[in-house]
Number of protein chains: 2
Amino acid sequence: MISGTNDKIRYVAFKLFLEKGYEATNVRDICKEVGIKASSLYFYYQSKQELFFSIYDEVWNDKIRFLESIEELRQDISPDIKLITLFKKTVEYCSNDLAKQKFLLRYHLFPPQEIIKILREKYKFWTDKESGIVSDIIQECVDKKVLRCSRSTTDYIKDYIKFINFHITEMIISNIKISSNEIYSLWFSFWNSNLLKQ
Amino acid sequence: MISGTNDKIRYVAFKLFLEKGYEATNVRDICKEVGIKASSLYFYYQSKQELFFSIYDEVWNDKIRFLESIEELRQDISPDIKLITLFKKTVEYCSNDLAKQKFLLRYHLFPPQEIIKILREKYKFWTDKESGIVSDIIQECVDKKVLRCSRSTTDYIKDYIKFINFHITEMIISNIKISSNEIYSLWFSFWNSNLLKQ
DNA sequence: GTCTATAAGAGGATAGAC
DNA sequence: GTCTATCCTCTTATAGAC
């Protein structure tokens, strides 16, 4: 899977950006682990910052493409089933690669001042995409009166995304994966108390 | 409240260590905001590292001293009331100074490699103190058969602390304070489903 | 593509004057 | 206590050889 200098650079850089953080990770350390001299990295990337954002975008892109590729969401099934499917698949996806989610959490919670502006733009770009996916299903729920529209569609979307992120964060921090059984019990508790309440 | 050079140094350093992180915060920046030259800081602290740990310990010490000072925990009342009181008071304390809790979360989740060893020791020292406080009450619950001892005391302690930290983390990340009403509903849901389950 | 060499600057920390 | 001056190291990034 990891072949070629560029792949190695990206692999090592991701690891160090996650563990040590952007500022504390230096080009020499990355290159030392890759097995090249620091100057060689500049053949692949114009700067440390470009390398970072290339990785940051890839992590987000992988996640969004996964969400968009969930077949159930395009099938003609009840939209509330779509909501729980999206929750289940998201938790499973994140469980399989907690490091990537921890990476996203790190740079969301503690953005380096040096790159904070671009980071916020990119964060908005990607979370907007995420919202779009959720938005379509929630809208379907409202249209088909599965959700009774006592609250605004926007509120439903926010609550749903907050619910998912909350449990992903829990997994990252406690480093314990949520089991399939738990997914359903968490979902029904959320569905009953938050989405259906008047 | 903030008078004297040392207080100013600690105030500014805390702010920058929280926002920019340990590595990205440099002595010159701290001193510039304080209004002194970098060399003057070394009159108060031997190193940047010493300054950091002095602040880190103070944040923890304030929290532990607050927990130890809760009167209800020393009174002769039912131990399950003590548990909910400790939860309520902790949430209130953290609500009043989310920045300090975010500081602790930052260095727990993403410890700088340069100081990781000392950080882990100190973290263990302070969380052991925290466990001690909880431990006393849980033991009282088990002794008085308020908790039915279907699980080990250690498990009860872990679950209780995890429960509290989970909600503090939620407040930090969502930046929304938990209301008094919510505290009780969260508590009873936790009490019934986690502590009393067989 | 990868190297050596090096520029240009930022960082932690110290010496010693006042 | 606070300053100026300075040391030494680390860092990003570039120039140009191979």
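Throughout, protein chains are lettered first and strands after them, A, B, ... in sequence-line order, and every chain is numbered starting at 1.
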Quick one: which protein N/O atoms are closer than 3.5 Å to N/O atoms of nucleotides 4-9 of chain D? Pair and distance per line, please.
{"from": "D:dT4", "atom 1": "O4", "to": "B:S39", "atom 2": "OG", "distance (Å)": "2.8"}

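- Rounded to whole angstrom, the span from the CD1 atom of A:I30 across to the C1' atom of D:dT11 amounts to 12 Å.
- Its side chain within the 4.5 Å cluster rule, B:I77 clusters with B:I81 among the Ile, Leu, Val, Met, Phe, Trp and Tyr residues.
- Residues A:T5 and B:Q49 both approach DNA chain C. Their nearest nucleotides, taken by heavy-atom distance, put A:T5 toward the 5′ side.
- Using a 30° and 60° split on the angle between ring planes, A:W126 and A:W60 fall in the parallel class, below 30°.
- Among A:K100, A:K63, A:R65, A:R10, the one residue that satisfies the salt bridge (charged side-chain N to carboxylate O under 4.0 Å, His left out) test with A:E58 is A:R10.
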Quick one: do A:F103 and A:F17 satisfy ring-ring contact (aromatic ring centres under 6.0 Å, His included)? Show the steps, please.
CA-CA 8 Å; A:F103 178 91; A:F17 284 145; 7.2 Å; no

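- Seen from the ring of B:F53, B:K122 counts as a face-on cation partner, given the 6.0 Å and 45° thresholds.
- Comparing A:N26 and A:Q46 along DNA chain D, the residue whose closest nucleotide (by nearest heavy atom) sits nearer the 5' end is A:N26.
- Side-chain atoms of B:K177 come within 3.5 Å of backbone N or O of B:S95 as a donor-acceptor pair.
- At whole-Å resolution of the value, OH in A:Y44 and C1' in D:dA13 are 18 Å apart.
- Distance A:Y42 OH to D:dT14 P: 7 Å, rounded to the nearest Å.
- Remark: A:K48 is positioned above the aromatic ring of A:Y22, its terminal NZ or CZ atom under 6.0 angstrom from the ring centre and at most 45 degrees off the axis.
- Reading DNA chain C from its 5' end, the first and the last nucleotide to sit under 4.0 Å from a heavy atom of chain B are C:dG11 to C:dA15.
- Here A:D29 pairs with A:K20 in a salt bridge; the nearest charged N to carboxylate O distance falls below 4.0 Å.
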